[in-house]
Number of protein chains: 2
Amino acid sequence: MIGSLTLDQLRVLVAIADSGSFSAAGRQLRRVQSAISQTVQGLEETQGVVLFDRAGRIPRLTDAGRILVREARLVLEQAREFEAVAEGIASGLEPELGIALDGMCPTPPVMASLQRLRALYPTLAVSLFTEGLGAAERRLRSGDARLAITLVIGQPPSDLQALELIEVTLVPVVAASHPLAAEPAPVPRAKLREHVQLVLTDPVDPSGPSYSIVSPTVWRFVDLGRRLDFLLAGFGWCTMPGHLVAPHIASGALKPLVLDEPPPPALPVYAVFERGRPPGRAGRWLLEDLAKEFASA
Amino acid sequence: MIGSLTLDQLRVLVAIADSGSFSAAGRQLRRVQSAISQTVQGLEETQGVVLFDRAGRIPRLTDAGRILVREARLVLEQAREFEAVAEGIASGLEPELGIALDGMCPTPPVMASLQRLRALYPTLAVSLFTEGLGAAERRLRSGDARLAITLVIGQPPSDLQALELIEVTLVPVVAASHPLAAEPAPVPRAKLREHVQLVLTDPVDPSGPSYSIVSPTVWRFVDLGRRLDFLLAGFGWCTMPGHLVAPHIASGALKPLVLDEPPPPALPVYAVFERGRPPGRAGRWLLEDLAKEFASA
DNA sequence: TCGATCCATCACTCCAGACGATGGATCGTA
DNA sequence: TACGATCCATCGTCTGGAGTGATGGATCGA
């Protein structure tokens, strides 16, 4: 009764529905008609449902049969999905591709590439991790992700292979309502130090390195988006990736600060993977496509 | 290779994943361990994928195995759905319930009842037909619907069983921008006749009966919503179910017309089914619940 | 009326799959 | 270190379920 259902029974059922008769289904499935007949009887018996009306020469689906053919198609579709995933893996595709994406990276080109990845490998299971500072590299080392797309400060560690995708310029900004916004053009470093600086910090290792801290009073944030909220509310100043604040600068909500010193160097965005655990076929394809996508962006 | 997949293989696979070992899965499925072993080997062979890492004493799922267990659960869930639907039908539930809903009926109570129907009979396939004048009865007679909820003008035909749910009051209305809206309070019938009346008509039988036509110039509509658009735009006047125009009257977009004659009689909304083809268990439940719902509304 | 085609039934065959025994490997424990 | 308890793989055996092929009844079209 329960659990006695067979995929073969369902294949026979939809074959009959598609071909129009038991005999035709037999020909389609390369079985004799009596085998089809028996399978249907077995299905009807175990499920306790009459599927066909045998009054005429050709059996017609009953109402119940029509509904259950619909259900059967769903089951078979899901089964085909299973086989498709298995075939993908058998053909050398990685079973799943974990990607760690740093919040500071520009997302539109990544999304464009991922969309193409999805079209090319529809059965691939993708996990996307987008978290705060330091998380991308951690996901890589923990094995959650096979590929990371992240800002790298300084030299990438030697056990990681890094492919530069693009450079992100960092812009010091404040809210238009903040006192610094009213300061005349080249703002000296001493002026900056009078105000709170909003810095990002690694949630797991808060004592870890923090970069380009200027002000003596800092507020630390784990989440880029939350920091942006506080920035917009005028709590302090900070440096932000240009592409993230451009719309707010355009709308007048934020003001870029012109300093009396050379601007901070642009930071490279890398696609990174562990040397000992390179990505599989889909991951390698994504790497190439990301490089192309960012080059043309 | 293709199509050789078996539900039993999937059941074994998830049993191992759930119970933690081949032997435990064997106990769970009441089979000897070697049978489990063989089934797994068969699955791995036909799909060309290594599911378990046999290095240690108890096999660990590989990455591919973990993904495919996930897929297998989906297939089994769909298969259970098939069996649930079959069991519902076997226990006397109708395979599907077609409901024809007239556009003039108040929908909130119907939706409330349908929501409870869905909770009570989650596997029941429901088809909802909502169309224009005359369509509900036609769907009933064609067999598409087993149950109709519709306004009935005059006596219901004797081959249909009708259960009154509620009465709908009809209100003559015009757009506030329409000349009739400026007319002093009791509008005489003669005044009405000077303006276009927007009437509903049966799309299949346009020469069929039309009711309470007053004006010599009428515009005919098949669709209630479209007629409302033209009404709001000030193309003419018509009578509408009170519950449909109440918000527009409240907002001032429409104005009710006070006539110098008795208001048109309220029209009963019936739940209707064919005497020779009464609804099944779910349909009867819905009938009762609709009666209760409308009584309390 | 006849042939073609459809389905149900039945006897027969056959093989996939379950069983049970065996052996090697691993882990925990004494 | 040795022993018992599990775990899995492998193999020979056997059985039940599923496919085959023949037969017969029913229906449809020519």
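All chains are named by letter (A, B, ...) in the order of the sequence lines, taking the proteins before the strands, and each is independently numbered beginning at 1.
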Filtered N/O pairs between nucleotides 3-5 of chain C and protein, under 3.5 Å:
from	atom 1	to	atom 2	distance (Å)
C:dT5	O2	A:Arg57	NH1	3.3

Can we say B:Arg138 and B:Asp144 salt-bridge, meaning some charged N sits less than 4.0 Å from an Asp/Glu carboxylate O? no

Partner residues of B:Phe129 under the ring-ring contact (aromatic ring centres under 6.0 Å, His included) criterion, sequence neighbours left out: none

With sequence neighbours excluded, tell me which residues meet side-chain contact (heavy atoms from CB on, under 4.5 Å) with B:Ala112. B:Arg116, B:Glu293

Salt bridge (Lys or Arg N to Asp or Glu O under 4.0 Å) partners for B:Arg141, two or more places apart: B:Glu137, B:Asp159

Strand DNA chain C as a dot-bracket string - pairs counted if Watson-Crick or G-U with both distances under 3.5 Å, | where the partner lies in another strand: ||||||||||||||||||||||||||||||

With sequence neighbours left out, the residues meeting salt bridge (Lys or Arg N to Asp or Glu O under 4.0 Å) with B:Asp223 are none

Of the residues in residues 10-20 of chain A, which ones touch DNA chain C at a heavy-atom distance under 4.0 Å? none

Is the phosphate of D:dA9 approached by B:Arg54 (side-chain N or O, under 4.0 Å from OP1 or OP2)? yes

With a 4.0 Å heavy-atom cut-off, tell me which residues in residues 34-42 of chain B come close to DNA chain D, sorted by residue number. B:Ser34, B:Ser37, B:Gln38, B:Gln41

Which residues share a side chain to side chain donor-acceptor pair (under 3.5 Å) with B:Ser113, sequence neighbours left out: B:Asp289

With sequence neighbours left out, the residues meeting side chain to side chain donor-acceptor pair (under 3.5 Å) with B:Gln38 are none

Salt bridge (Lys or Arg N to Asp or Glu O under 4.0 Å) with A:Arg146: which residues, sequence neighbours excluded? none

Residue list, side chain to side chain donor-acceptor pair (under 3.5 Å) with A:Arg60, at least two apart or on another chain: none

